[in-house]
2 protein chains.
Amino acid sequence: MTTADLPKRKDAARNRQRILDAAKELFAERGLGVTLHDIAARAGVGVGTIYRHFPEKKPLIDAVFEEHLAELTALFEQALADSDPWQSIFWVHEQFLVHQARNRGLKELLLGTTPEAPDRARQLRAQLHPLAERLIERGKAAGVVRRDCATQDFGLLQTMVGAVIDAAEDVDPDLWRRYFVIALQGLRPKDAPLEPLPVPALPPERMEDLLVGTWKRRRT
Amino acid sequence: MTTADLPKRKDAARNRQRILDAAKELFAERGLGVTLHDIAARAGVGVGTIYRHFPEKKPLIDAVFEEHLAELTALFEQALADSDPWQSIFWVHEQFLVHQARNRGLKELLLGTTPEAPDRARQLRAQLHPLAERLIERGKAAGVVRRDCATQDFGLLQTMVGAVIDAAEDVDPDLWRRYFVIALQGLRPKDAPLEPLPVPALPPERMEDLLVGTWKRRRT
DNA sequence: ACAGAAGCGGACAGGAAGCGTCCGTTTCGG
DNA sequence: CCGAAACGGACGCTTCCTGTCCGCTTCTGT
C-alpha cells in the first residue's frame, strides 16, 4: 500500500474514499460475497467508477482488513500481558467472537468460509496462531485448561460458536455468549469452577424462528 | 402417500424407483439443494421423466425422509429405555451426529439450514423435541447435567458440532467426535468426571486445509 | 472563464446456472 | 402388430453476476 496511487483530482479522491467506506460497511454487514455493483450502489457512485478504482475486489478487501489484522493481534498481546492465565484466555476468545458477531466479513476470513481472499485469510491466521499457542500453553502450564486439549481446539471453538452466531443473530444477537461459555467450559480441567451462563437459553417456542431464520437472510 | 399413484407400466415403475434411489443418494451426499436435473442424471433417466413422476422436489424429500423420521424417533425411545441418565444422553446425541455426518440432507433438515422443505423439517423437530425434553429433564433430576441448562441447549449443541462436521468432513471425518465431547462436557455439573477425548486434535499444519476446505465442495 | 483532460455513470452485452416444457422416438401391453 | 404410454434431452426462459464502453459532467490550469 504505497502512497503513490492516490488520485490527483479531488472528486476522484472523494469517490475512492466513499468506495472504501461502503466496502467496509457491506463486508461487515453481508460478508465478502457482496458484488462490486452492490458496493457502488452503497457508495452512491456508478459501477464504472468502482471498476476504474478497483478492478477487483481483493485490494478492497486488503485495504479494509488491514486495520483489523492489527486490532486482532493487539487483542492477543493484551491478553498475554494479563497475568491471569484463565481470565486472559476467556477474554481474548470472547473479544474475537464479538468481532465476528459484528463483522460477517471478518468471520468469513477467520473461519475460512469464503473463497474470496484465501491468501489474506491465511496470512491473518498464520500471524495469530503463534500468539494463541503461547496463551494456551500458559493456560495448560497453570492447569486452567485440560491437559489433553490443543491450541487447535480453540480455533474450532470459534467455528462452533460462529455457527451459533450465524443461527441466532436475528433472533437473539447475544445468544452466542451462552454457548461460548458452555464450549469453553468443556476445555477446562475436572474440578474447574462452573462459569455462570451469561444469557438465558432461547425460549422453546422461539427455537423454530432460529432454525428457520438461518437460511433466509441477505439483501440490503 | 397412498398406494393409488403407482404407475402401471413396468418401465415407469422401474424408473420411479430409480429416481427415488438416486434422490436418496444425492440428498445424503450433497444435501437437499441438488436439482431435479442432477437426480435425473444420477438415476440414468431423462429430465422429462423426472418431471413427469415428481413435478416438484417436495414429494421426493417426503418419501426419502419418511423412514429417517421413524429411525430418529426410535433412537430417543431407545435412549429413554436405557436407565443410565447420563449415558443415554451422551449416546443419543452421538447417534444423531453420526446420522448428520453421514447424511447432509438430514443435517440440513434438522439444523434448519435449508429453505427446501420447511414444513417437513418443522414436523421432524416438533416430534423430536418432547422426547428430548424428557431425556434432559431426567438428566437434570439425576444431577448429571448442569442445573442452569435447558433442552434447547442440546439443540444448539447439535448446531455447533454440525459446524465442525461441515468444516472437517474431508480432512478428518471423525474429528467432530472430539468437539462433541468437549461441548457436551460443558453442559455437565461442576464435579462431573472428564469424558476422555475420543480422537486427537488435527495437527496444526493441517488446520489450514480444514479452513480452506470449508467452501470448496459440491458437485458429483 | 474556458478548453481539454480526467473522471463519471449506468445501459448493455456476455456468461453461468437452474428450471421446466415440448415433441420426435422408443417401449410396453393387449 | 398397433395404439397408447412413457421416455429423453435439446431448447428457451429467467436470474444473477461480471465487466466494458462511450456520451456526459466536473475539475484544473492557464
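Within every chain, numbering begins at 1; the chains are lettered A, B, ... in the order of the sequence lines, protein sequences first and strands thereafter. Values in this document were obtained by computation on a predicted structure and should not be read as measured data.
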Pick the closest DNA chain D nucleotide for A:V34 and for B:G48 by heavy atoms, then say which residue is nearer the 5' end. B:G48
Side-chain donor/acceptor of [X] to base of [N], under 3.5 Å:
X: A:H53; N: C:dG7; answer: no
X: B:R9; N: D:dA5; answer: yes
X: A:H37; N: C:dG10; answer: no

Rounded to whole Å, please give me the gap between [atom1] in [X] and [atom2] in [N].
X: B:I19; N: D:dA6; atom1: CD1; atom2: C1'; result: 11 Å
X: A:I50; N: D:dT18; atom1: CD1; atom2: C1'; result: 13 Å
X: A:L60; N: D:dT18; atom1: CG; atom2: P; result: 13 Å
X: A:E116; N: D:dC17; atom1: CD; atom2: C1'; result: 12 Å
X: A:K10; N: D:dT25; atom1: NZ; atom2: P; result: 18 Å
X: A:D11; N: D:dT26; atom1: CG; atom2: P; result: 9 Å
X: A:R52; N: D:dC21; atom1: CZ; atom2: P; result: 13 Å
X: A:R16; N: D:dC27; atom1: CZ; atom2: P; result: 19 Å

Within the 6.0 Å centroid threshold, strictly below: B:F180 and B:H93: no
Between A:Q185 and A:E195 (side chain of the first, backbone of the second, donor and acceptor by atom type, cut-off under 3.5 Å), is there such a pair? yes
Looking at the side chain of [X], which of [options] is the nearest nucleotide?
X: B:N15; options: D:dC17, D:dC7, D:dT26; value: D:dC7
X: A:V45; options: D:dT28, C:dT27, C:dG9; value: C:dG9
X: A:V47; options: D:dT28, C:dA11, D:dA6; value: C:dA11

Check this for me, if you would: do [X] and [Y] make a salt bridge, where the nitrogen-to-carboxylate-oxygen distance has to be below 4.0 angstrom?
X: B:R206; Y: B:D172; answer: no
X: A:D38; Y: A:R42; answer: no
X: A:R120; Y: A:E66; answer: yes

Taking OP1 and OP2 of D:dG8, is either one under 4.0 Å from a side-chain nitrogen or oxygen of B:T49? yes
The residue, B:R14 or B:Y51, whose nearest nucleotide of DNA chain C is more 5′ is B:Y51
